[in-house]
Each structure stands twice: as C-alpha cells, then as structure tokens.
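Single-structure report; data block below.
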Amino acid sequence: MATLLMVESWVQSTGLALPPLLRELGHDYILFTKDPALYPDVDGERHPVVRGADEVIVVDTNDRAAMTGAVIGIVCRRRIDGVLTTCDYYLDAVAELGRMLGLAGASPDIMRRAVRKDAVRTVLKRAGLPGPRFAVAATWDDALAGAADLGFPLVAKPVDLNSGTSVHLVDGEAALKDAFYEVTGVERNTRDQPLARRLLLEEVLRGPEVSVEAVTIAGRTTVLGITGKSVTPSFVEAGHVFPAPLPAAVAADVTEHVRAALSAIGYTHGLSHTELRLTPAGPRIVEINPRQGGGYVFDLVRTVTGVDPLALLVDLALGRAPELDLRPAGTAAVAFVLAPVDGIVTGVDGRDELDSNPAVARWQLDVPGPVRRPRDNNDRVGHVLAVDPDGDRAGELAATAVGSLTLRLAGGDVVTPLPIGV
C-alpha cells in the first residue's frame, strides 16, 4: 500500500472516478483542500473525493508556503509516496511539492509553461512546428492590432482557463470587444486563483477535431489512442468516440505531430490530452493539456484498450513504470445531453429506453434544474456512454440514444437535446 497526497480535484468525471480506483489499487490518500464544501454530496453521501480520503487537511491550496508547512507536518508522522491531482489549476503545485519531497513528477517550470496557452503557442512557433498565426492582447489596443494583423474571423480565448470557458469565434470588432472585456474583466478562476487576464487571438483552424491521449515517461511518449470529437460552433464538446475513425496515414501524422509538440515544450513525465484540428494542410495543435483527458475520455480509453489512464496517473505519481499492454477492441463513445434553449428542466422522457438499450453502458442526467444553451463544457445536462465491443458504431449509438430523449421545461414546452455528430 502507498500513501498519496491529492491536491484538490475536479468535482465531476475524473474527480468521481479516481478515489474509488485508489482504494481498489490498495492505496490511501491525504486530501489537501481549501474548502471541503467545494465537493458537494453525491446521491446523499459525501463526495467521493472527501469520503475516500484517509485524512482531509484544510489548507490554502493557493498558498505554496502554507502547503509546504502542511507537508512538513505530515512527513514528520507518515510517509508520502506520491503527489497528484486531476485538476488543471494545481498541476504546477503538485510538481513543486513532488520535487520538494524528492518524488517522481514533472518539472515545475515545464508544467507552468504547459498550462499556459500563450506560452505553448510561442514555444511551438520557435520550434518550427506549423500552427495558426496568433497574437496575445493585454490591452484593447493590443487586441485591435492583433486582429488587424490576423484578420477576421478569428478565435479568441483566455490564456489560462479550461473547459472551453470564454472561447469565442470573433467575426468583427464588436465581437472582439465583447471577448476582450469578458476575459480581461475576470480576475480569478473558479478556485480563487489570479488570472493573467490576457486574450489569445488565433487564426481559425478548419477541419475535424481530434485529441491524442498519451503518456510520457523519461521523455518517451506512448500514444494510447486518438479520440474523435464532436464540437459545436461555439466550441463546446458535444461528444467523443474512441478510437477516432482515421486512415492509418492520417493517424500516423497526428501521432508524430503530437510527439514533436510535447518534445518542443520539454514535457518528459506525465499524461497528456492534446487537441488538434485536421486541416487541409495537415494536423495543427489546438491546445496541449498536460493531464488526462476529461469529459469521460479516460473511460473510453479504458473500455477499448484495457489500459486505465487514471491508473497510469497513479503509477506516474509513484515513480513506477506502468504496464502499457494496449489491446484495442471495438469502440466506445460518450454523447452529452445539451439543452437547445435556456430554461428549467422539470423532467426527461426516455430514461426507461436508456436502461433497456444494450449498447448503453452508463447514463447520467443532472435534472431537474436550470439549463442553458451551451456556452462552455460545463453546460451539460448529462451524458450517455455507449459501447460497440466488436464494431465501429459506438458514436452513432451514443448520439442516437441522446437524440431519443425529450426534455420537459417549466411552462410546458418539450424540446429534444442538440444533435450530436460523433
């Protein structure tokens, strides 16, 4: 048995899955959290992140000195074998604590670079990797100058947020102004950390979107597979299918492009989830995420290959060489339930059919309650995970299952979820 230090967590997805996995693997963990109330009860019980912890230590997880002091207090009485998190906002803190303890982990400097979208763009450009032209705006004049150079339309996004938050397709100066003041007007993220308040402007990349799920150990990157993605016009991820139905030559190009990008930013240790567009000129990086894929992508990888990315996360934290016996079989897909309008959902019809559908491995609906037309990846009413163990129809099966649902709204309207093309 090993003891891990978990520095915060995501609330959904990986946050729900990692705590029971740690117990299944025979490990315990100590949770560092600024506030246990960040993790709401699930099905009438404490959130798994809190419930599964051997100890819960309340400490300001945004204060490195405070966490260092808390770690010293722990190691005086028990051993810490590894440090980890599933939450992007604490990846650099985990790297720093791991280095302080002499444990396996990524370089703090490299991790700080990897989580900044503007820094990654700069490094990839210097390395000569083809990508979209871009500009970074700290002032409105910067934004105007960047847009004049790049031309409309363009993509505007914050340099240090995730989940598709505040990502905009900008088609003119008025939309640019809205995006600029939205991004620069927010001082802190959802975990009360200060933001850079800079807007990244990029040429629009045209083509299907995919993500590459990989693990890097001692600088050597192994690709676990490529995920196909359905993305709305507002850049919200509507569904994922694994593996993506790509010709072998395209998959090889994508794989090598990602290996080159990870090498360029100096990434030598950890999981990665790299998003790309397959443009007519070849694969182009959308962004690099130095962690496991969210949105249940980790579940799809585990289902199809037999290798669990969250188990790899644990092995990497413990300094163990993980087993990578990939045996892909069939396809798996997740389709998200996205409301077509803003409103309040009072009920959902079609649940019984999900239960009786042999292709549906799992489903979840977070209703009744308020919903809105999706603006980022947090605007999901629920999800359906489907499996085709011997074929390539999982994406179609998941999308069809979501399309069979109807949402009943306060006021009497009945609507179907947004269509999904996974």
Side-chain angles (χ1 to χ4, degrees), residues 117-118 120-125 127-137 143 146-159 161-176 178-179 183 199-213 226-261 264 273-289 293 295 297 333 335-336 338 374-377 395 399 418-422:
K117 296 177 177 64
D118 52 341
V120 169
R121 281 281 180 236
T122 298
V123 171
L124 296 185
K125 180 180 178 180
L129 281 176
R133 293 189 303 134
F134 67 95
V136 181
D149 180 50
L150 298 175
F152 295 112
L154 50 81
V155 176
K157 64 178 76 170
V159 300
L161 286 176
N162 54 31
S163 299
T165 303
S166 298
V167 179
H168 299 278
L169 181 62
V170 173
D171 59 3
E173 187 173 319
L176 177 66
D178 289 343
V183 169
L199 188 68
L200 178 61
L201 306 175
E202 301 175 341
E203 286 183 311
V204 177
L205 295 172
R206 306 291 186 184
E209 185 165 328
V210 299
S211 64
V212 173
E213 324 310 329
I226 302 173
T227 305
K229 303 165 77 70
S230 173
V231 182
T232 72
S234 57
F235 304 109
V236 174
E237 295 178 358
H240 310 298
V241 61
F242 185 90
L246 297 177
V250 173
D253 285 347
V254 168
T255 295
E256 290 311 307
H257 193 75
V258 168
R259 285 198 175 109
H273 168 76
T274 304
E275 299 171 349
L276 308 93
R277 288 275 184 175
L278 306 181
T279 76
R284 299 291 186 266
I285 301 288
V286 173
E287 61 186 44
I288 296 174
N289 299 285
V297 168
F336 295 104
L338 304 176
R375 294 150 174 85
D376 60 47
N377 292 336
L418 289 176
I420 297 162
V422 295

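- Between Leu278 and Pro283, the shortest heavy-atom distance links the atoms CD2-CB, 4.3 Å.
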Would Phe336 and Asn377 satisfy side chain to side chain contact (heavy atoms under 4.5 Å, CB included), going step by step from the backbone distance to the final call?
-> CA-CA 10 Å; Phe336 295 104; Asn377 292 336; over 6 Å; no

From CA spacing to verdict: side chain to side chain contact (heavy atoms under 4.5 Å, CB included), Lys125, Phe134: CA-CA 10 Å; Lys125 180 180 178 180; Phe134 67 95; 4.0 Å; yes

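- Nearest heavy atom pair, residue Val204 against residue Leu154, reads CG2-CA, 3.6 Å.
- What you find for Ala399 and Ile420 is that their closest heavy atoms are CB-O, 3.4 Å.
- In terms of modelled atom types and a separation under 3.5 Å, the side chain of Arg277 and the main chain of Gly207 share a donor-acceptor contact.
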Practice prompt. In sequence, state the C-alpha distance, the side-chain angles, and the governing distance for Thr274 and Ile285, and then conclude on side chain to side chain contact (heavy atoms under 4.5 Å, CB included).
Written response: CA-CA 7 Å; Thr274 304; Ile285 301 288; 3.5 Å; yes

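- A heavy-atom distance below 4.5 Å is not found between the side chains of Val212 and Thr255.
- Between Pro132 and Arg121, the closest side-chain pair of non-hydrogen atoms falls below 4.5 Å.
- Proximity of Glu275 to Val231: side-chain heavy atoms (C-beta onward) are nowhere separated by under 4.5 Å.
- Listed here is the closest heavy atom pair of Gly228 and Val210: CA-CG1, 4.4 Å.
- Of all the heavy atoms in Pro280 and Arg206, the pair that sits closest is CD-O, 3.7 Å.
- Only one option out of His240, Glu209, Glu213 pairs with Thr227 in a side-chain hydrogen bond (donor to acceptor under 3.5 Å, both in side chains); it is Glu213.
- Put simply, the side chain of Lys229 never gets that close to the backbone of Leu276: no donor and acceptor are under 3.5 Å apart.
- In terms of modelled atom types and a separation under 3.5 Å, the side chain of Arg133 and the main chain of Asp149 share a donor-acceptor contact.
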Item to check | Derivation and outcome, side chain to side chain contact (heavy atoms under 4.5 Å, CB included), residues Leu161 and Val183 | outcome: CA-CA 10 Å; Leu161 286 176; Val183 169; over 6 Å; no

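- Judged purely by atom type and a 3.5 angstrom limit, Thr279 uses its side chain to pair as donor or acceptor with the backbone of Ala281.
- A side-chain donor from one of Thr232 and Ser234 sits under 3.5 Å from a side-chain acceptor of the other.
- Scanning both residues, Val170 and Ala179, for their nearest heavy atoms gives CG2-CB, 4.2 Å.
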